[in-house]
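Input: a single structure, listed below in structure tokens.
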Amino acid sequence: MRTIHNPRELQELALSVRGSGTSIGLVPTMGALHEGHLSLIRRARQSDEFVIVSIFVNPTQFGPNEDLDRYPRTLERDLDACRECGVDVVFVPSAADLYPEGFQTYVEVGPLASRLCGASRPGHFRGVATICLKLFNLCQPNRAYFGLKDYQQYRVVERMARDFDLPLEIVPMPIVREPDGLAMSSRNSYLSPEERAAATVLFRSLEDAARACEAGERDPQTLAARVRRSIEADPLARVDYVEAVDPLTLEPAASLPALIAVAVFVGNTRLIDNRLLEAPDSS
Ligand code: PAF
């Protein structure tokens, strides 16, 4: 496994690998790798001949009062995990290399990016789309893998790939959960033991909505209200948003299928999760 810091060196290598007809799989990450990331890497290892993992805590997707400075950085452990998964190249660029002085061009994201996390975190998806486009240009992937915990991110990046005619496939991958249902996230490490226990309320309330749906409740807004009520009942949880949206447009859903998407502060830590609800007979 090679670790490459220099973007030009990585791009030269990627161009020659892709030019030789070898397929490249990219797993873009901000490090602090967990089983969710590893599931993407293993899938890339199965589908692609050459696997690149990028590790870069991207400053342009963090707001001024967010956790850029304290975001967990565990590079040595991440490199070990990548080695064990058979990764070919780990790309670890610096912010100065990716955003040198004079940098001024950003992807302008559309309505998909304006709701949900886009409303709570202005500029977030502009930063995500911009870094993803840069990583795609540097790594030349045939496929790039994204976890569905960040459902909106997947939709925004997939839309950008289509709108900009990027020659790659954006591959969505299922949410990986802890045994008690909490969606894996690098930010889970911020939680105190009490908060960690309370954090399962996201999963529990989404499961409860799925059961209500199976039992016959088909109105997405009623189901979302039910999720909101059960999260609000937890003293350690504060709802940022709970919304039932159309899975394609992310506009409020009037009927199933609907994605129930939640963002919740547990203590100071903002967690997200989601669940797709379909009418049982529509599957
Ligand atoms: O999901 C993430 O970790 C980040 O948003 C990504 C896709 C690596 C871009 O910085």
Side-chain angles (χ1 to χ4, degrees), residues 4 7 10 24-41 43-44 51-63 66-75 77-79 81-82 85 87 89-99 103 106-107 109 112-113 116-118 120-139 141 143-161 164 166 168-176 183-190 261 263 269-274:
I4 297 181
L10 189 269
I24 300 180
L26 169 67
V27 180
T29 82
M30 300 205 298
L33 302 184
H34 51 65
E35 272 303 315
H37 298 113
L38 301 188
S39 74
L40 310 184
I41 297 173
R43 171 64 193 278
V51 175
I52 304 177
V53 173
S54 63
I55 297 181
F56 179 61
V57 183
N58 173 39
T60 65
Q61 68 188 76
F62 287 80
E66 294 185 350
D67 56 344
L68 172 63
D69 292 336
R70 68 182 192 117
Y71 197 84
R73 287 160 171 88
T74 59
L75 185 59
R77 218 168 353 115
D78 294 348
L79 294 177
C82 287
C85 288
V87 169
V89 168
V90 183
F91 177 43
V92 191
S94 70
D97 277 340
L98 288 192
Y99 298 110
F103 183 94
Y106 291 84
V107 175
V109 286
L112 272 178
L116 306 173
C117 289
S120 309
R121 306 182 67 189
H124 171 66
F125 288 115
R126 174 188 196 245
V128 168
T130 301
I131 192 63
C132 285
L133 184 58
K134 285 172 67 70
L135 290 169
F136 296 162
N137 283 328
L138 291 169
C139 302
R143 275 173 282 271
Y145 299 84
F146 288 83
L148 284 175
K149 176 175 69 66
D150 299 280
Y151 183 89
Q152 188 176 17
Q153 167 171 279
Y154 156 65
R155 296 282 303 121
V156 167
V157 172
E158 194 251 351
R159 186 73 246 175
M160 173 182 73
F164 286 175
L166 304 181
L168 85 166
E169 185 190 343
I170 305 297
V171 182
M173 292 287 291
I175 299 175
V176 177
M184 294 219 178
S185 163
S186 305
R187 291 190 168 98
N188 292 349
S189 66
Y190 297 152
T269 304
R270 185 173 175 281
L271 302 175
I272 58 173
D273 202 345
N274 65 77

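FYI, the numbering just counts along the sequence from 1. Start at 1 and go down the list; that is how both ligands and their atoms are numbered.
Every residue two or more places apart in sequence or in another chain that forms a side chain to side chain donor-acceptor pair (under 3.5 Å) with Y190 is listed here: D67. Every residue two or more places apart in sequence or in another chain was checked for a salt bridge (charged side-chain N to carboxylate O under 4.0 Å, His left out) with R43, and none qualifies. With sequence neighbours excluded, no residue satisfies ring-ring contact (aromatic ring centres under 6.0 Å, His included) with H124.
K149 forms no cation-pi arrangement with Y154, by the criterion of a distance under 6.0 Å to the ring centre and an angle within 45° of the ring axis.
Side chains of D273 and Y151: no donor on one and acceptor on the other come within 3.5 Å.
H34 and H37 have tilted rings, their planes meeting at an angle from 30° to 60° on a 0 to 90° scale.
The protein residues lying under 4.0 angstrom from ligand 1, judged by non-hydrogen atoms, are P28, T29, M30, N58, Q61, I131, F146, Q153.
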